[in-house]
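Okay, structure first, notes after.
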Amino acid sequence: MLTFFSAGTGGAPPPAFLLTGTNFKCSNSRRLTIWAGEFPDFLPKQVENIKDPYARKLASRIERIPVNLSKGCVMSSCVKPKEQTEANPVVLLHGFDSSCLEWRYTLPILEDAGLETWAVDILGWGFSDLGRLPSCDVASKRDHLYQLWSTHIKRPMVLVGPSLGSAVAIDFSVKYPEAVDKLVLIDASVYAEGTGNLATLPKAVAYAGVYLLKSLPLRLYATSLAFNGLPFSTCIDWTNIGRLHCSLPWWEDALVNFMISGGYNVISQIEHVKQKTLIIWGEDDQIIDNKLAVRLHCELPNAILRQIPKCGHIPHVEKPDAVSRLIADFVRPDQSQRANPDSVSTISVPS
């Protein structure tokens with residue numbers, strides 16, 4: 001269970017630039033002001049304890065939008081784009097048992113690059129209202145994303161999936177190819193055969209395991225697998241960001257429902273992906289062997305692979321500038337960021 005959790009942890013610590021108090025440097029050299037507005041009242045009260053300003057600002061932008069499923073409407077959490085453009089939107093998923101707060105560093109850079117960017121919580125995780133608990137198995141997660149897309153986005157999208165979110169993205173793009181223009185897979189967890197033996201656990205044992213999964217010590221340990229050498233206070237703050245959604249009253253039921261359903265097994269679907277795909281991989285990923293990046297590159301019909309040096313399992317947290325540039329180049333190849341480096345925000349790291 002720990003390995004499965006680590007592969008999608010959203011409680012990763014900050015990249016080095018945040019430890020030095022650095023701000024984003026925008027293209028016109030003005031500093032991006034980070035402020036914490038009023039938080040939505042549906043977020044757990046523990047959000048007030050988060051210290052990181054980027055996480056606080058993104059949390060203040062989370063809203064719930066209606067998504068109609070077969071058994072009723074789910075008020076679904078997401079971060080909507082600041083403005084719509086004519087180009088196809090970028091839609092950011094997250095990893096296993098995480099939330100849209102994973103994108104606290106990368107989303108603002110993508111927006112500054114002029115991309116219409118959504119960050120969407122996968123059904124069963126994040127901050128959606130699951131008071132009338134729907135099924136949270138793979139088919140339900142897929143249907144929820146489709147209904148959200150068809151109701152609110154309505155255009156082919158560039159779908160971005162990190163870690164287990166890559167399995168979500170592959171499953172969705174094969175089932176609904178008309179909804180996906182391109183794919184971006186980040187340190188993809190796509191070769192696991194579902195939740196394995198966890199699917200056969202008695203419910204009482206499954207709930208005990210999920211309760212353990214919520215614990216601060218286990219989450220801290222999972223964070224240490226993704227990043228090394230961080231101050232303890234920073235690890236605490238980032239771990240609390242990653243487990244914030246666990247305070248919602250339906251979190252345990254939703255996660256147990258997913259685990260005993262069998263989870264994602266998309267190995268046989270990889271060869272059926274028709275969309276052009278960008279694979280991004282941290283060269284120092286300690287959770288998923290980067291040999292699997294090469295395997296995925298070989299098995300996808302139309303893919304390119306870009307590896308980020310000195311980077312672990314969660315590049316969009318550790319190297320948001322690099323990830324943003326790769327996505328922007330991929331989305332708009334005719335407007336290469338290499339040719340126009342000032343057209344996307346950068347991170348300035350003081351000595």
Side-chain angles (χ1 to χ4, degrees), residues 4-10 12 76 78-79 88-103 106-107 110 115 117-126 138 140-146 148-149 153 156-177 179-192 194 226 258 263-267 269-270 272-282 285 287-288 290 292-293 295-297 299-300 302-306 308 313-320 323-324 326-327 330-331:
F4 189 56
F5 161 67
S6 301
T9 178
S76 304
C78 67
V79 175
N88 289 337
V90 175
V91 177
L92 308 172
L93 303 177
H94 54 74
F96 169 73
D97 191 28
S98 186
S99 76
C100 57
L101 290 178
E102 269 190 34
W103 294 99
T106 300
L107 184 145
L110 293 173
L115 298 176
T117 308
W118 295 69
V120 173
D121 281 337
I122 298 168
L123 181 70
W125 300 316
V138 169
S140 299
K141 291 180 189 297
R142 182 195 312 129
D143 182 53
H144 172 264
L145 181 56
Y146 178 77
L148 187 151
W149 171 80
I153 300 175
M157 55 187 169
V158 179
L159 189 58
V160 183
S163 196
L164 189 69
S166 293
V168 178
I170 286 175
D171 174 78
F172 184 85
S173 65
V174 170
K175 298 292 184 180
Y176 298 109
V180 182
D181 177 37
K182 295 180 178 180
L183 276 179
V184 179
L185 309 178
I186 303 176
D187 289 71
S189 177
V190 295
Y191 289 109
F258 170 72
Y264 281 91
N265 184 349
V266 299
I267 298 173
Q269 293 177 287
I270 293 172
H272 298 293
V273 173
K274 298 179 180 179
Q275 294 83 357
K276 185 174 182 180
T277 303
L278 168 65
I279 304 168
I280 300 174
W281 214 279
D285 191 336
I287 295 172
I288 301 179
N290 62 12
L292 292 178
R295 175 182 172 183
L296 184 59
H297 180 234
E299 293 182 358
L300 283 167
N302 186 10
I304 56 176
L305 171 61
R306 298 290 181 263
I308 302 177
H313 183 65
I314 315 177
H316 50 296
V317 171
E318 190 173 0
K319 302 284 187 180
V323 170
S324 299
L326 287 170
I327 293 175
F330 181 64
V331 172

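What you see is a predicted model, and the numbers here were worked out from it, not measured in a lab. The chain is numbered in sequence order, starting from 1.
- Put simply, the side chain of Glu102 gets close to the backbone of Gly95: a donor and an acceptor are under 3.5 Å apart.
- Between the His94 side chain and the Leu101 main chain, no donor and acceptor come within less than 3.5 Å of each other.
- Taking the side chain as every heavy atom from C-beta outward, Ile153 and Leu148 approach each other to under 4.5 Å.
- Remark: Tyr264 OH to Ile170 CD1 distance equals 11.0 Å, nearest 0.5 Å.
- For the pair Ser166 (side chain) and Ser189 (backbone), a donor-acceptor distance under 3.5 Å is absent.
- Minimum interatomic distance between Cys78 and Val120 (heavy atoms only, all atoms of both residues): CB-CA, 4.1 Å.
- Between Met157 and Val91 the shortest heavy-atom distance is SD-CG2, 3.5 Å.
- With hydrogens and angles ignored, the 3.5 Å screen pairs no side-chain donor or acceptor of Asp187 with any backbone N or O of Ile314.
- Shortest non-hydrogen contact noted between Val266 and Val190 is CG2-O, 3.6 Å.
- Residues Asp171 and Gln269 meet the side-chain proximity criterion, which asks for heavy atoms closer than 4.5 Å.
- The two residues Leu93 and Gly161 have their closest heavy-atom pair at CB-CA, 4.4 Å.
- Taking the side chain as every heavy atom from C-beta outward, Val273 and Val174 approach each other to under 4.5 Å.
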Verdict with supporting geometry, Leu159 and Tyr176, side chain to side chain contact (heavy atoms under 4.5 Å, CB included): CA-CA 12 Å; Leu159 189 58; Tyr176 298 109; over 6 Å; no

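- Taking the ring centroids of Trp103 and His316, they lie under the 6.0 Å cut-off.
- Rounded to the nearest 0.5 angstrom, Ile327 CD1 and Leu115 CG are separated by 8.5 Å.
- The two residues Gly282 and Pro315 make their nearest non-hydrogen contact at N-CG, 4.0 Å.
- Taking 4.5 Å as the limit, some side-chain heavy atom of Leu278 sits within range of a side-chain heavy atom of Arg306.
- For the pair Thr106/Leu92, no side-chain contact is recorded, criterion being any heavy-atom separation below 4.5 Å from C-beta on.
- With values rounded to the nearest 0.5 angstrom, Glu299 atom CD is found 3.5 Å from Tyr191 atom OH.
- Geometrically, Lys175 does not engage Tyr146 in a cation-pi contact, judged by NZ or CZ lying under 6.0 Å from the ring centre and within 45° of the ring axis.
- Taking the six-membered ring for Trp, Trp149 and Phe172 have ring centres at least 6.0 Å apart.
- Remark: the backbone N or O of Ile122 is not paired with any side-chain donor or acceptor of His144 at under 3.5 angstrom.
- Asp285 contributes a side-chain N or O that, together with a main-chain N or O of Ile288, makes up a donor-acceptor pair within less than 3.5 Å.
- For the pair Phe330 and Leu183, the tightest heavy-atom approach, listed with the atom from each and the gap, is CE2-O, 3.4 Å.
- Rounding to the nearest 0.5 Å places CG of Asp181 at 10.5 Å from NZ of Lys276.
- Within the 4.5 Å cutoff, the side chain of Ile279 has heavy atoms near those of the Leu300 side chain.
- Judged purely by atom type and a 3.5 angstrom limit, Ser173 has no side-chain atom pairing as donor or acceptor with the backbone of Val180.
- Atom OG in Ser99 sits 5.5 Å away from atom CG in Asp121 (nearest 0.5 Å).
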